Amino acid sequence: MNYKQWSLVTKKELNGIAVDYTDPEGKVYSEPFCFYTLEEALNYGKMCIDRTIRTKEVINKK
């Protein structure tokens with residue numbers, strides 16, 4: 001799934017569904033959490049992407 005030019009990838013884990021995301025430059029980010037549903041995993045991934053974008057914007061302003 002694409003979100004704001006980033007890629008979200010979900011995968012089945014032993015205890016649920018995990019989500020990883022990749023920025024437009026190809027850097028992969030992994031989260032250590034598992035979720036019960038695909039929707040939960042994707043929503044969390046989107047939140048993480050939004051947070052990372054905001055963080056990069058703040059760093060670039062300095």
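In this text the structure is predicted, and so the values were computed from the model without any measurement.
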Next on the checklist: Can you list everything that forms a side chain to side chain contact (heavy atoms under 4.5 Å, CB included) with Pro24? Sequence neighbours excluded, please.
Outcome noted: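 With neighbours one apart ignored, the set is Gln5, Trp6.
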Item to check | Set of residues satisfying side chain to side chain contact (heavy atoms under 4.5 Å, CB included) with respect to Met47, sequence neighbours excluded | outcome: Tyr44
Item to check | Sequence neighbours excluded, every pair satisfying salt bridge (Lys or Arg N to Asp or Glu O under 4.0 Å) that has a member inside residues 35-48 | outcome: none
Item to check | Close side-chain approach of Ile49 and Tyr29, heavy atoms under 4.5 Å | outcome: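 No, every pair of side-chain atoms sits at 4.5 Å or beyond.
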List, one per line, each side-chain donor-acceptor pair under 3.5 Å for residues 11-23, sequence neighbours excluded.
unit_1 : atom_1 : unit_2 : atom_2 : d
Lys11  : NZ     : Asp20  : OD2    : 2.9
Asp20  : OD1    : Ser30  : OG     : 3.2
Tyr21  : OH     : Glu31  : OE2    : 2.7
Asp23  : OD1    : Glu25  : N      : 3.0
Asp23  : OD1    : Gly26  : N      : 2.9
Asp23  : OD1    : Lys27  : N      : 2.8
Asp23  : OD2    : Lys56  : NZ     : 3.0

Checklist entry - Is Val9 isolated, or which residues cluster with it under the ILVMFWY side-chain rule of less than 4.5 Å, directly or via members? => result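 Cluster partners of Val9: none, it stands alone.
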Next on the checklist: Name the residue from Val58, Ile53, Ile59 that meets the side-chain contact (heavy atoms from CB on, under 4.5 Å) definition with Thr55.
Outcome noted: Ile59
To the nearest 0.5 angstrom, please state how far the [atom1] atom of [X] sits from the [atom2] atom of [Y].
X: Asn2; Y: Leu8; atom1: CG; atom2: CG; value: 8.0 Å
X: Leu42; Y: Phe35; atom1: CG; atom2: CZ; value: 10.0 Å
X: Lys4; Y: Thr52; atom1: NZ; atom2: OG1; value: 11.0 Å

Next on the checklist: Taking side-chain hydrogen bond (donor to acceptor under 3.5 Å, both in side chains) as the definition, give me every residue that meets it alongside Asn43, ordered by chain and number, with sequence neighbours left out.
Outcome noted: none
